[in-house]
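First up is the structure itself, then whatever we jot down about it.
Remember, it's 1-based here, ligands and their atoms both numbered in the order they're listed.
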Amino acid sequence: MAVRPIVIVPHEALSRNAEEITDINEHIRQLAHDMTDTMYRAPGVGLAANQVGEALRLIVVDVEYAYAEPRDKKKKPTILINPRICLAEGAESKEEGCLSVPEFGVEITRATNVKVEALDLEGKPITIEASGLMARALQHEIDHLNGTTVLDHASALKRSLYHRRLRKKARSDR
Ligand code: ZN
C-alpha cells in the first residue's frame, strides 16, 4: 500500500496533456495500485495520474465506496488506461469539487450518459457505459488527462478570485 501525495493547483502536471500509455509495464501497474490506495485514502471518487504528478493516461474511479455504509464498504476500483469518451448523451448540471483544487466548487454541465473505451491493466480493450455520478466522475478524470481542472470550467472572475485566495494562503503559510 502506497499513498502518494496529491498535487494541487497550480502544479504544472495538472495542466499537462497526459501521454498515451504504450507499454503496460511494472511502473504502470505500480502507479495504478498507488493511485487506487491514494483515492481511497483521500477519500475521493476518482483520481487521474496527473494528480500524483505523472502525466500518463491512466485513471481510477470508484463512485460507490466513499458513500457506502461502513458494513457495505467493498473496494471495487475501475482502472482505465488510455480512456476515451466515444459517446456522450444528455446534459446535467451539478456542483463539482476536486482533490487538486481544495476548497473550491463549481457547477459544471456534463453529459448524463457516456460510453468510454479503454484498456484494463492486462491490456484488454474494455467498454464502459455509465450514467449519473459514474458518468460525471469519468468525464472529470478524463478532463485531467487533457490538462483541464474544475477551475477551467469556472468563470474568469471566479478563477482569478481563487488564485488570489491561494496566493494569500501561501503567504500566510510562510
Ligand atoms: Zn479532479
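Take Asp72 and apply the salt bridge (Lys or Arg N to Asp or Glu O under 4.0 Å) test, not counting sequence neighbours, and it matches no residue.
Between Arg41 and Asp37 there is no salt bridge, since no side-chain N of the basic residue sits under 4.0 Å from a carboxylate O of the acidic one. A salt bridge links Glu12 and Arg16; the closest N-O separation between the charged side-chain nitrogens and carboxylate oxygens is under 4.0 Å. One finds no salt bridge joining Lys158 and Glu107 here, because no Lys/Arg side-chain nitrogen approaches an Asp/Glu carboxylate oxygen to under 4.0 Å. Using a 4.0 Å cut-off between charged nitrogen and carboxylate oxygen, Glu96 and Arg110 count as a salt-bridge pair.
Both tests hold for Lys75 against Tyr40: distance to the six-membered ring centre under 6.0 Å, angle to the ring axis within 45°.
Protein contacts to the Zn ion (ligand 1) involving N, O or S atoms at a distance below 2.8 Å are Cys98 SG, His140 NE2, His144 NE2.
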